[in-house]
Amino acid sequence: MSKQDKIYIFDTTLRDGEQAPGFSMSIEAKLNLARQLAKLKVDAIEAGFPVSSPVQFEAVKRIAKTVRGPRILGLARAVKKDIDVCYESVKHAPKHGIHTFIATSDIHMRYKLQKTPKEVLNLASESVKYACSLVDYVEFSAEDATRSQFEFLCEIVDLAIKSGARSINIPDTVGYAIPSDFGQLIRRLIENIPDLGKKVVLSVHCHNDLGLGVSNSLSAIQNGANQIECTINGIGERAGNAALEEIVMALKVRKDIMNKMVSVESKQIYPTSRLLTILTGVAVQPNKAIVGENAFAHESGIHQDGMLKARETYEIMTPQSVGRTISHIVLGRHSGRHGFIKCVQELGYKLNEKEMEDIYKKFLEVADKKKQIYDDDLVAIIESELKKSIKWYRLEYFHVLTGINVVPSAVIKLKKGKEIYSEAAYGDGPIDAIYNAIDKIVRLQPKLEDYIIKSLSGGKEAMGEVRVIISYKNNRYFGIGSSTDIIEASAISYINAINRCLMLQK
Ligand code: KIV
Ligand code: ZN
């Protein structure tokens with residue numbers, strides 16, 4: 001295999017991502033995410049558009065002052081004031097830069113900028129030169145490059161390099177490109193300007209209007225681009241930007257054909273995605289590649305059977321490689337016997353063949369009516385069909401007290417077999433209080449690694465579903481629960497994760 005060239009990962013979650021509707025973040029939240037991006041080991045963070053508002057300015061400044069590792073850049077139009085403000089905010093970072101841009105397509109120059117191509121060339125050159133007088137790293141973007149005339153694009157890129165730009169970005173601003181033609185555009189640019197991708201970084205920035213942001217970015221890499229601008233969870237203007245997690249994992253999983261390396265610490269991908277969800281309150285779609293809830297969940301019988309025999313049958317990467325914990329089997333109407341038996345065994349039951357067959361039939365009946373079968377449903381089926389007592393803790397009763405100026409507290413009763421256990425505890429909130437009380441009963445203090453809550457239906461009576469992951473003695477356990485009461489769903493999911501943990505401790 002030849003030496004692997006590096007692909008620089010330029011993260012623009014805090015700029016292009018944050019400017020999309022619904023994704024705006026407070027300064028603290030931006031700082032928090034920027035620290036996590038540094039842990040993820042991206043090469044550059046575009047921290048914001050400083051001239052656009054005092055909050056943007058302050059956020060970029062605080063990130064530049066405190067976040068170490070990646071280069072910190074800010075965005076600036078090809079306007080002196082933007083560049084000055086950008087410089088004032090990024091200058092505090094040991095490695096900083098200014099990203100300046102101007103549109104180069106006829107449609108943008110005529111209608112948006114109302115400038116002639118000659119004026120645009122002049123502005124590009126003047127702004128790059130001015131930015132270079134302030135910082136030693138300047139990136140120039142030709143906005144709407146994919147709808148620009150090729151000769152004009154070459155002319156402006158060449159001029160930007162001669163004016164001092166160290167990185168040239170070719171944005172597919174409106175997500176118009178198709179992988180083959182975008183790859184060809186990149187190759188033709190390099191043929192015309194050989195320094196691109198060598199002395200000068202050749203970056204691409206692809207939007208997802210046709211759902212092709214990632215494919216276009218990969219095609220650009222295969223044709224000589226050496227930097228990708230992307231965002232966590234693919235957030236960004238309109239349909240978003242190319243998703244960082246998809247690009248990075250495509251490069252890693254298909255190293256055999258891509259033959260490139262990235263510095264990104266892939267185990268930090270999921271924690272970063274989750275943090276973004278928590279900070280913005282916007283969840284990713286369940287089937288989203290790499291970070292979606294179902295990305296490592298297996299429901300169909302054939303898949304569950306394959307997974308139980310050899311993980312590689314239906315997984316091209318491990319959930320652990322992207323910082324997730326466990327692949328889990330989801331029981332539903334498509335589940336087959338093997339997945340079902342595994343779930344029953346995880347509950348701690350040892351059933352003979354006939355018993356297993358009987359409850360499997362009952363399970364299929366219930367699964368036909370219910371979208372998903374939770375542990376508690378399974379326990380209920382087993383209990384009612386076989387009249388067997390269980391070694392599984394179940395929620396019997398709870399009571400929480402919470403409110404403004406009230407220390408949250410919880411009283412809880414759990415049932416195991418015929419025994420009832422009860423405890424009370426305080427907490428930072430009602431869920432913390434309930435989890436503390438459960439910990440007292442089970443005499444474990446697992447770490448809560450992940451807590452995801454979602455509504456399963458609309459309206460005031462909506463069912464809420466909670467999924468948790470706990471860790472104990474270097475192992476992680478998954479639990480899920482649903483109820484119209486989110487505190488109850490939280491308690492059930494936690495108890496189920498603890499039950500799994502206890503089964504394994506035996
Ligand atoms: O999409 C785009 O063209 C941009 C530029 C500012 C790089 O976001
Ligand atoms: Zn963009």
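Atoms considered below: every heavy atom in the structure, side chains included; atoms not considered: hydrogens, waters and symmetry mates. From a predicted model like this one, the values you see are computed outputs, not experimental measurements.
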Would you say that [X] contacts [Y] through its side chain, given a criterion of any heavy-atom pair below 4.5 Å between the two side chains?
X      : Y      : result
Met249 : Ile269 : yes
Tyr137 : His96  : no
Met25  : Lys30  : yes
Gln184 : Asn223 : no
Asn496 : Phe478 : no
Leu33  : Leu276 : yes
Tyr8   : Val262 : no
Phe296 : Val322 : yes

[X]-[Y] side chain donor-acceptor pair, cut-off 3.5 Å:
X      : Y      : result
Thr12  : Glu229 : no
His205 : Asp16  : yes
Gln56  : Glu18  : yes
Tyr451 : Ser490 : yes
His99  : Ser141 : yes
Arg110 : Gln114 : no
Asn241 : Thr231 : no
Ser482 : Glu465 : no

In Å and rounded to the nearest 0.5 Å, what is the [atom1] to [atom2] distance from [X] to [Y]?
X      : Y      : atom1 : atom2 : result
Ser52  : Phe57  : OG    : CZ    : 11.5 Å
Leu40  : Leu275 : CG    : CG    : 11.0 Å
Leu123 : Ile102 : CG    : CD1   : 4.5 Å
Tyr314 : Asp305 : OH    : CG    : 8.5 Å
His207 : Leu212 : NE2   : CG    : 13.5 Å
Ile221 : Ile247 : CD1   : CD1   : 6.0 Å

Heavy-atom pair of closest approach, residues [X] and [Y]:
X      : Y      : answer
Leu210 : Ala177 : CD1-O, 4.5 Å
Ala242 : Cys230 : O-CB, 3.1 Å
Phe182 : Ile170 : CZ-O, 3.9 Å
Lys112 : Ala103 : NZ-CB, 4.1 Å
Ala20  : Gly236 : CB-O, 3.2 Å
Lys41  : Ser263 : CB-O, 3.6 Å

Spell out, as yes or no, whether a donor-acceptor pair under 3.5 Å connects the side chain of [X] to the backbone of [Y].
X      : Y      : value
Asn233 : Ile235 : no
Asn226 : Leu202 : yes
Arg68  : Lys65  : yes
Asp144 : Thr173 : no
His108 : Ser105 : no
Arg147 : Thr104 : no
Gln268 : Leu37  : no
Asp172 : Tyr176 : yes
Arg166 : Val138 : no
Ser266 : Ser321 : yes

Tell me whether Ile107 at atom CD1 has more than 12 heavy atoms from other residues, nucleotides or ligands lying less than 6.0 Å away.
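It does not: Ile107 CD1 has 12 such atoms or fewer within range.
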
Lys/Arg N to Asp/Glu carboxylate O, [X] vs [Y], below 4.0 Å:
X      : Y     : answer
Glu28  : Arg62 : yes
Lys6   : Asp43 : yes
Glu265 : Lys39 : no

Test salt bridge (Lys or Arg N to Asp or Glu O under 4.0 Å) on Glu88 and Lys61 and set out the steps.
CA-CA 8 Å; Glu88 285 307 317; Lys61 186 166 131 192; over 6 Å; no

Apply salt bridge (Lys or Arg N to Asp or Glu O under 4.0 Å) to Glu139 and Arg71, showing your working.
CA-CA 12 Å; Glu139 170 166 303; Arg71 182 180 297 282; over 6 Å; no

Please walk me through it: do Asp450 and Tyr270 pass side-chain contact (heavy atoms from CB on, under 4.5 Å)?
CA-CA 11 Å; Asp450 204 0; Tyr270 189 64; 3.4 Å; yes

I need the full list of salt bridge (Lys or Arg N to Asp or Glu O under 4.0 Å) pairs touching residues 230-254, with sequence neighbours left out, sorted by first then second residue.
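Every pair satisfying salt bridge (Lys or Arg N to Asp or Glu O under 4.0 Å) with a residue in residues 230-254: Asp209-Arg238, Glu245-Lys288, Glu246-Lys288, Arg254-Asp256.
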
Could you go through Phe140 and Phe101, starting from their C-alpha distance and side-chain angles, then the distance that decides it, and tell me whether this counts as side-chain contact (heavy atoms from CB on, under 4.5 Å)?
CA-CA 6 Å; Phe140 172 75; Phe101 73 100; 5.6 Å; no

Cation-pi check for Phe49 against Arg15: NZ or CZ below 6.0 Å from the six-membered ring centre and within 45 degrees of the axis, yes or no?
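Output no; distance or angle outside limits.
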
Is the cationic atom of Arg188 (NZ for Lys, CZ for Arg) positioned less than 6.0 Å from the six-membered ring centroid of Phe150 and within 45 degrees of its normal?
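Yes; both conditions hold, so Arg188 lies above the ring face of Phe150.
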
With side-chain contact (heavy atoms from CB on, under 4.5 Å) as the criterion, how do Ile469 and Arg324 come out once you've worked through the C-alpha distance, each side chain's angles and the decisive distance to 0.1 Å?
CA-CA 10 Å; Ile469 289 174; Arg324 300 184 71 141; over 6 Å; no

The test is side-chain contact (heavy atoms from CB on, under 4.5 Å); show your working for Val248 and Ile9 and say whether it passes.
CA-CA 9 Å; Val248 168; Ile9 299 294; 4.2 Å; yes

